[in-house]
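We count ligands from 1, going down the list as the structure has it; atoms in each ligand are counted the same way. Because the structure is predicted, anything quoted here is derived from the model rather than measured.
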Amino acid sequence: MTLQLRVYVPPHPLIKHWLGVARDVATPSVLFKSAMTELGRWLTYEAVRDWLPTEEATVQTPLAPCPVTLVNPQVPIAVVPILRAGLALLDGAQTLLPLSSTYHLGLVRDETTLEPSCYLNKLPERFAPETQVLVLEPMLATGGSIMAAMAELQKRGVDLDLTRIISVVAAPVALQRLSAAHPELVIYTATIDEGLNNHGYIVPGLGDAGDRAFGT
Ligand code: URA
């Protein structure tokens with residue numbers, strides 16, 4: 001069986017709403033940050049539906065013993081926000097994954113070459129086996145940063161079969177690069193846009209997500 005990249009655009013009214021708010025150039029920074037938090041929350045909710053490890057147990061209700069399903073705390077869950085813009089999705093993702101560990105990865109792209117370079121890497125030397133990783137990268141544009149992030153994760157023992165990417169706006173070129181290199185990945189995104197302009201920005205997109213989230 002040949003693997004194929006899976007890209008999900010959940011048809012959720014709250015995801016559509018907060019994407020609309022984030023796209024609007026008139027949205028002030030404080031509301032843009034809220035919109036990204038909400039997108040982080042609802043896209044994570046959708047992404048962990050069939051991914052979060054659970055275990056069966058029996059608890060005692062006030063009336064009787066009862067079989068229940070609980071989140072399995074033994075399986076390590078790592079959240080990797082790609083700075084800066086990935087930080088804007090973090091609060092929403094973390095509220096749903098309170099037992100996760102967060103590892104920051106700072107990548108900045110050269111505005112001329114569009115190539116990413118790393119300025120902060122808080123990834124562990126080696127992830128524990130079976131670690132499930134959720135990568136937060138709101139703008140999948142040229143694909144440079146996400147490809148660099150995947151290489152860093154693989155170097156540190158992450159199984160990309162267990163990895164999911166949360167994005168807000170994805171461009172076809174980034175999805176094509178991911179599909180060619182890592183078809184085992186699963187992506188949850190609020191939308192897939194038309195393409196990129198000459199400066200590598202997604203059109204129609206939402207502009208510079210980092211600048212808008214942090215008011216810079
Ligand atoms: N990064 C952004 O913040 N926006 C884009 O459109 C592309 C990359």
Side-chain angles (χ1 to χ4, degrees), residues 5 7-9 15-44 47 79-93 102 104-121 134-153 163-182 185 187-216:
L5 183 77
V7 184
Y8 294 99
V9 182
I15 293 175
K16 290 181 207 277
H17 172 80
W18 290 113
L19 173 65
V21 172
R23 280 199 196 273
D24 188 345
V25 68
T27 296
S29 179
V30 63
L31 183 56
F32 182 86
K33 176 70 171 55
S34 300
M36 295 298 268
T37 297
E38 293 304 321
L39 287 162
R41 184 195 321 278
W42 296 113
L43 287 164
T44 300
V79 177
V80 177
I82 301 184
L83 276 49
R84 279 181 309 162
L87 280 182
L89 299 175
L90 184 61
D91 285 354
T102 300
H104 297 83
L105 184 60
L107 298 172
V108 64
R109 80 175 175 180
D110 182 300
E111 291 303 333
T112 316
T113 64
L114 301 183
E115 287 305 313
S117 62
C118 183
Y119 62 90
L120 178 80
N121 188 337
L134 197 66
V135 178
L136 309 179
E137 168 56 293
M139 308 304 284
L140 295 176
T142 62
S145 296
I146 197 71
M147 293 287 287
M150 292 304 114
E152 285 299 326
L153 291 176
T163 300
R164 293 199 165 182
I165 297 171
I166 302 289
S167 129
V168 173
V169 185
V173 59
L175 297 179
Q176 281 152 12
R177 285 181 75 180
L178 284 169
S179 172
H182 306 296
L185 283 169
I187 300 174
Y188 279 75
T189 185
T191 186
I192 301 172
D193 270 8
E194 284 155 29
L196 305 179
N197 68 12
N198 291 340
H199 304 286
Y201 279 84
I202 303 177
V203 181
L206 47 75
D208 188 312
D211 278 351
R212 295 194 65 198
F214 298 108
T216 50

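When only non-hydrogen protein atoms are considered, atom 5 (C) of ligand 1 lies nearest to Tyr201 CD2, 3.4 Å. Looking only at protein heavy atoms, the nearest one to atom 1 (N) of ligand 1 is Met139 CB, 3.7 Å. Looking from atom 6 (O) of ligand 1 to the surrounding protein, the closest heavy atom is Ile202 N, 2.8 Å. Looking at atom 4 (N) of ligand 1, its nearest protein heavy atom turns out to be Gly207 O, 2.7 Å.
The CG atom of Leu39 sits 12.5 Å away from the NZ atom of Lys16 when rounded to the nearest 0.5 Å. In this structure, Met36 CE and Asp91 CG are separated by 12.0 Å, a value rounded to the nearest 0.5 Å.
Taking every non-hydrogen atom of Ala141 and a distance limit under 4.0 Å, the qualifying atoms of ligand 1 come out as 7 (C), 8 (C). Every atom of ligand 1 with a heavy atom of Gly200 under 4.0 Å away is listed here by number and element: 7 (C).
Within the structure, ligand 1 lacks Arg212 among the residues with a heavy atom less than 4.0 angstrom away.
Side chains of Thr216 and Asp211: a donor-acceptor N/O pair is present below 3.5 angstrom, by distance only.
For the side-chain contact (heavy atoms from CB on, under 4.5 Å) with Thr163, the qualifying choice from Val80, Ile187, Val135 is Val135, the only one to do so.
With salt bridges taken as basic N to acidic carboxylate O contacts below 4.0 Å, one links Arg23 and Asp193.
Looking at Ala209 against ligand 1, both its backbone and its side chain come within 4.0 Å, counting heavy atoms.
For the pair Arg84 and Tyr119, the NZ or CZ position fails the cation-pi test of under 6.0 Å to the six-membered ring centre and within 45 degrees of the ring normal.
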